[in-house]
**Q** 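Provided herewith is a single structure, encoded as structure tokens, for subsequent inquiry.
Letters A, B, ... mirror the listed sequences (proteins, then strands); counts begin at 1.
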Number of protein chains: 2
Amino acid sequence: MRKTRNRITKKRLLEEFKRAIKNKGLKFTPQRESIFKEIISTRGHFEIEDMVHKIRKKNIPVSRATVYRTLNIMKELGFVEEVIKINNKTIYEISVKEHHDHLICTSCGKIIEFHSEDIEEIQDKICSEHKFHPKFHRLEIFGLCDKCYKRSVRNNSKS
Amino acid sequence: MRKTRNRITKKRLLEEFKRAIKNKGLKFTPQRESIFKEIISTRGHFEIEDMVHKIRKKNIPVSRATVYRTLNIMKELGFVEEVIKINNKTIYEISVKEHHDHLICTSCGKIIEFHSEDIEEIQDKICSEHKFHPKFHRLEIFGLCDKCYKRSVRNNSKS
DNA sequence: CTTTGTGCAAAGATTTTGCATTGCG
DNA sequence: CGCAATGCAAAATCTTTGCACAAAG
């Protein structure tokens with residue numbers, strides 16, 4: 001939904017990234033550009049190996065080392081927020097995109113994104129109660145999507 | 001607060017773990033017992049190396065391999081919920097303990113735990129809207145604790 | 001041109017695994 | 001005793017780093 005708006009945002013993000021890189025006296029290389037684009041389009045959910053291969057397919061030579069180094073720069077510059085690993089799968093969060101949270105199916109890995117203004121408000125309240133200064137958050141609800149849930153109910157009744 | 005109640009819970013948890021292990025035809029060894037205890041007492045926030053050393057200090061021989069293997073068993077049995085890594089730091093969540101969420105200071109690593117019934121309720125609503133069947137969730141708010149926040153304000157005004 | 005970036009391969013770090021031995025039940 | 005668990009060391013992963021060469025500005 002709202003594809004157009006999304007594309008504009010991506011373009012703008014890339015520009016911001018370019019500016020930030022240069023401001024720091026660093027260089028804007030094809031590698032950094034394509035890595036950044038990949039991260040945006042995968043919304044931060046990707047695996048290093050895949051990213052390397054995808055970028056190489058676009059005829060931009062890139063090494064794992066460069067991906068790691070670029071990710072670190074992006075972290076420093078604040079373009080990606082945090083790195084977590086869930087079962088060897090690296091997940092980065094893009095800071096500038098509209099915030100959303102995740103429903104994650106532990107069976108098939110499906111990720112459903114959602115956003116709740118109510119939750120955001122409560123969080124702000126909690127933070128101020130604890131004198132905590134939030135930068136970003138991550139809310140993940142793990143469970144079964146409807147499909148997997150139904151399958152598991154079927155299987156359990158057998159055992 | 002409520003230390004006593006806490007200790008009872010730990011003991012009960014250990015009993016449950018023992019039962020579950022045996023039910024599966026597995027063996028309840030000193031290693032597994034001490035690993036389980038460690039996880040409970042650190043509330044899932046620990047590093048593998050530290051755990052190995054702590055347990056060895058109690059004169060129970062243990063290897064990293066055993067810790068990893070035990071963690072996998074505990075995951076299968078549902079005693080720990082998920083494994084995430086934040087900057088090379090492994091965090092496990094104990095499923096049975098009272099649920100709580102985290103405020104995590106990205107500067108000093110301090111973790112403040114909190115619980116909000118309001119958030120739980122909203123989550124349930126969201127899940128049912130998406131036909132999602134939650135098993136557990138994780139809410140982490142990253143930011144700066146008051147101390148680090150004040151320090152960063154001071155430093156920024158210099159640059 | 002100068003300085004930073006890149007790839008490669010080696011080094012580190014973390015986690016898993018095969019195998020001989022130990023020990024719970 | 002028998003089967004599972006353990007420790008060790010080797011292997012498999014994942015990530016970082018040193019260095020020589022390439023390329024952005």
**Q** Here's a test for you: under side chain to side chain contact (heavy atoms under 4.5 Å, CB included), which of B:E38, B:K54, B:M51 qualifies with B:F46?
**A**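 Only match with B:F46 under side chain to side chain contact (heavy atoms under 4.5 Å, CB included): B:M51.
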**Q** Among the candidates C:dG25, D:dA24, C:dC8, find the nucleotide nearest to the side-chain atoms of A:P30.
**A**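 Nearest listed nucleotide: D:dA24.
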**Q** Looking at B:K37 and B:E33, is any side-chain nitrogen of the basic one under 4.0 Å from a carboxylate oxygen of the acidic one?
**A**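 Looking at B:E33 and B:K37, the cut-off is met.
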**Q** In whole angstrom, give the distance that lies between atom CD1 of A:I21 and atom P of C:dT4.
**A**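 Result: 13 Å.
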**Q** Give a yes/no on whether any side-chain N or O of A:T29 is located under 4.0 angstrom from OP1 or OP2 of C:dT6.
**A**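 Yes, A:T29 has a side-chain N/O under 4.0 Å of OP1/OP2 on C:dT6.
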**Q** Has the side chain of B:Q31 got a donor or acceptor atom that lies under 3.5 Å from a matching backbone atom of B:P61?
**A**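 Here the side-chain-to-backbone pair exists.
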**Q** What parts of residues 58-74 of chain A reach DNA chain C, counting only heavy atoms under 4.0 Å away?
**A**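 Heavy-atom contacts with DNA chain C come from A:P61, A:V62, A:S63, A:A65, A:T66, A:R69.
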**Q** What is the separation between atom NZ on B:K24 and atom C1' on C:dC24, rounded to the nearest whole Å?
**A**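 Result: 18 Å.
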**Q** Whole angstrom is fine here: how far is it from NZ in A:K27 over to C1' in D:dA24?
**A**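 My rounded result for the distance is 5 Å.
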**Q** Considering only side-chain heavy atoms of A:R32, which listed nucleotide, C:dT15, C:dG23, C:dG5, is closest?
**A**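 Nucleotide nearest to A:R32's side chain: C:dG5.
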**Q** Once the angle between the rings of A:F79 and A:F36 is folded into 0 to 90°, is it parallel (under 30°), tilted (30 to 60°) or perpendicular (over 60°)?
**A**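 Aromatic pair A:F79/A:F36 classed perpendicular.
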**Q** Find out whether B:I141 and B:D101 are in side-chain contact, i.e. whether some heavy atom of one side chain is under 4.5 Å from a heavy atom of the other.
**A**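 Answer no - side chains too far apart.
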**Q** Output every pair passing salt bridge (Lys or Arg N to Asp or Glu O under 4.0 Å) with a member in residues 19-31 of chain A, not counting sequence neighbours, ordered by first then second residue.
**A**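 Of all non-adjacent pairs touching residues 19-31 of chain A, those that pass salt bridge (Lys or Arg N to Asp or Glu O under 4.0 Å) are A:K24-A:E76.
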**Q** When you measure from the side chain of B:R56 to the backbone N and O of B:V62, does any donor-acceptor pair fall under 3.5 Å?
**A**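 Answer holds: yes.
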**Q** Look up atom CD1 in B:I39 and atom CG in B:L13, then write down how far apart they are to the nearest 0.5 Å.
**A**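 One gets 11.5 Å once the value is rounded to the nearest 0.5 Å.
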**Q** Under a 4.0 Å heavy-atom cut-off, which of residues 33-42 of chain A touch DNA chain C?
**A**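 Here the set is empty: none.
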**Q** Taking only side-chain N and O atoms of A:Q31, does any of them lie within less than 4.0 angstrom of OP1 or OP2 on D:dA23?
**A**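 Answer is no, no contact under 4.0 Å.
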**Q** Using only side-chain N and O atoms of B:K22, determine if any of them is under 4.0 Å from OP1 or OP2 of C:dG25.
**A**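 Answer is yes, contact under 4.0 Å.
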